[in-house]
K.L.:
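Pasting a structure here, questions to come.
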Amino acid sequence: MTWSEMQPLLEQACRETLVMVGWSTLIAVVGGLPLGILLVLTDKGGLLQNTVVNKVIGQIVNIGRSLPFIILMVALMNFTRWITGTTIGSEAAIVPLAIGGIPFFARLVETAVREVDGGLVEAVQAMGGDTWTVVRKVLVPEALPSLIASTTTTVIALIGYSAMAGTVGGGGLGDLAVRYGYQRFETGLMWITVGLLAVAISLIQFAGDAAARALHRRGGRGGAAPRLRLFKAKEPAAADVSKAA
């Protein structure tokens with residue numbers, strides 16, 4: 001197969017992979033972020049401590065993470081057909097990709113949020129902040145560099161899932177590698193798709209790391225941990241004058 005024959009196939013496969021990974025990442029972040037925060041808030045000692053809710057959410061997340069993606073795709077075929085009208089193609093692959101990505105991202109969010117200094121949460125509560133204020137002003141902003149890194153990890157995982165989806169007609173670079181590279185013995189095309197996936201993952205990892213470092217520096221986390229001062233320190237000069245008097 002010549003390059004002129006490969007080029008349109010590669011361009012279409014790249015577009016399909018971009019669409020699959022882009023939409024599934026968006027859905028995974030929108031669905032996984034509140035789940036991860038709820039896992040922290042409803043845990044023992046959390047602001048919304050509720051053992052039953054925490055166990056239920058945790059079990060759902062664990063089940064979602066434990067299923068191999070290829071099995072998840074098969075198990076969700078009827079649901080995928082109900083949502084998209086088909087089980088083949090990049091649009092159909094978005095459904096299992098998103099559902100598989102939500103629990104994956106939720107656990108990463110939970111880990112990131114647990115790293116936030118509890119003293120900051122207590123300080124906001126002492127100043128009258130409610131749970132929503134703590135989440136919006138402390139938990140999410142303080143965990144933002146870690147959340148960016150978690151999103152990067154999720155995107156890379158979904159690229160791998162999308163390549164796996166190609167083995168069952170999901171479209172994208174994985175489908176191209178299987179149909180042409182493996183079934184038609186076009187070894188050159190298969191290695192090109194492998195190279196494109198490797199380059200894409202490297203670029204995404206580099207961009208995610210750069211964004212996380214920039215947010216980390218902007219938040220002033222390069223030095224000592226910031227402290228919230230709730231009360232004004234006594235002025236030494238004033239103290240000396242009072243003693244002298």
K.L.:
What distance separates I159 CD1 from L197 CG, expressed to the nearest 0.5 Å?
P.N.:
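Reported to 0.5 Å precision, the distance equals 7.5 Å.
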
K.L.:
How far does CD1 of I102 sit from CZ of R107, to the nearest 0.5 angstrom?
P.N.:
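Taking CD1 in I102 and CZ in R107, the distance rounds to 14.5 Å.
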
K.L.:
Going from CG on L144 to CG on L215, what distance comes out if it is rounded to the nearest 0.5 angstrom?
P.N.:
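Rounded to the nearest 0.5 Å, the CG-CG separation comes out at 5.0 Å.
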
K.L.:
Please confirm whether the backbone N or O of L173 pairs with a side-chain atom of T17, one donor and one acceptor, at under 3.5 Å?
P.N.:
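Here the side-chain-to-backbone pair exists.
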
K.L.:
L196 and M190: same hydrophobic cluster, using ILVMFWY side-chain contacts below 4.5 Å?
P.N.:
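Looking at the clustering, M190 is in a separate group from L196.
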
K.L.:
Roughly how far, to the nearest 0.5 Å, is the CG atom of L189 from the CZ atom of R179?
P.N.:
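R179 atom CZ to L189 atom CG measures 9.5 Å (nearest 0.5 Å).
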
K.L.:
Could you give me the CA-CA distance, side-chain angles and deciding distance for V124 and K137, then say whether side-chain contact (heavy atoms from CB on, under 4.5 Å) is met?
P.N.:
CA-CA 9 Å; V124 173; K137 296 292 187 179; 5.5 Å; no

K.L.:
What about V178 and M6, same hydrophobic cluster or not, with Ile/Leu/Val/Met/Phe/Trp/Tyr joined at side-chain heavy-atom distances under 4.5 Å?
P.N.:
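V178 does not cluster with M6.
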
K.L.:
Could you state whether F79 and L72 fall into the same hydrophobic cluster, counting links through intermediate Ile, Leu, Val, Met, Phe, Trp or Tyr residues with side-chain heavy atoms under 4.5 angstrom apart?
P.N.:
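Shared cluster, yes.
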
K.L.:
Looking at every non-hydrogen atom in both residues, tell me the closest pair between T80 and A92 and how far apart they are.
P.N.:
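Between these two residues, the closest heavy atoms are CG2-O, 3.3 Å.
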
K.L.:
What are the two closest heavy atoms between A112 and A143, and how far apart are they?
P.N.:
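Looking at all heavy atoms of both residues, the closest pair is O-CB, 3.8 Å.
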
K.L.:
Out of curiosity, I201 CD1 to T152 OG1, how far, rounded to the nearest 0.5 Å?
P.N.:
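Going from the CD1 atom of I201 to the OG1 atom of T152 covers 12.5 Å.
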
K.L.:
Determine the minimum heavy-atom distance between S146 and E115, stating which atoms define it.
P.N.:
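Closest pair (atom of S146, atom of E115, distance): OG-OE1, 3.5 Å.
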
K.L.:
At their closest point, which heavy atom of F105 faces which heavy atom of L147, and how far apart are they?
P.N.:
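That would be CE1-O, 4.3 Å.
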
K.L.:
Applying a strict under-4.5 Å side-chain criterion to I, L, V, M, F, W and Y, I'd like to know whether I70 and I88 cluster together.
P.N.:
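I70 does not cluster with I88.
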
K.L.:
Walk me through it: do L97 and W23 pass the test side-chain contact (heavy atoms from CB on, under 4.5 Å)?
P.N.:
CA-CA 9 Å; L97 283 172; W23 279 107; over 6 Å; no

K.L.:
Taking everything shown except E91 itself, do over 12 heavy atoms lie less than 6.0 Å from its CD?
P.N.:
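Incorrect, the count does not exceed 12.
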
K.L.:
For the residue pair V21 and S162, what are the closest heavy atoms and their distance?
P.N.:
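The answer is CG2-OG, 3.9 Å.
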
K.L.:
In Å and rounded to the nearest 0.5 Å, what is the CE to CG distance from M164 to D175?
P.N.:
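Result: 14.5 Å between the selected atoms.
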
K.L.:
Checking side-chain polar atoms at under 3.5 Å, does R81 have a donor or acceptor matched by the opposite partner on N78?
P.N.:
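Side chains of R81 and N78: pair found under 3.5 Å.
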
K.L.:
Got a sec, which residues hit ring pair (Phe, Tyr, Trp, His ring centres under 6.0 Å) with F69, two or more places apart in sequence or on another chain?
P.N.:
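So F69 forms a ring pair (Phe, Tyr, Trp, His ring centres under 6.0 Å) with Y161.
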
K.L.:
Quick check: closest heavy atoms across A212 and I148, and the distance to 0.1 Å?
P.N.:
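Closest pair (atom of A212, atom of I148, distance): N-CG2, 4.0 Å.
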
K.L.:
Could you pull out all residues at least two apart from Q12 that satisfy side-chain contact (heavy atoms from CB on, under 4.5 Å)?
P.N.:
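With neighbours one apart ignored, the set is R15, E16.
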
K.L.:
Just wondering, do E142 and L120 contact through their side chains at under 4.5 Å, heavy atoms?
P.N.:
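They are in side-chain contact.
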
K.L.:
Is there a path from M73 to I83 through hydrophobic residues (I, L, V, M, F, W, Y) whose side chains come within less than 4.5 Å of each other?
P.N.:
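Same cluster.
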
K.L.:
Any side-chain heavy atom of V29 sitting closer than 4.5 Å to one from T154?
P.N.:
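When only atoms from C-beta onward are counted, T154 and V29 do not touch, as no gap falls below 4.5 Å.
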
K.L.:
Would you tabulate the side-chain donor-acceptor contacts of residues 30-57 under 3.5 Å, counting partners in other chains and residues two or more places apart, or write 'none'?
P.N.:
residue	atom	partner	partner atom	Å
T42	OG1	L38	O	2.6
T42	OG1	N54	ND2	3.1
D43	OD2	R114	NH1	3.2
D43	OD2	R114	NH2	2.8
Q49	OE1	G45	N	3.0
N50	OD1	V52	N	3.3
N50	OD1	V53	N	3.1
N54	ND2	L39	O	2.9

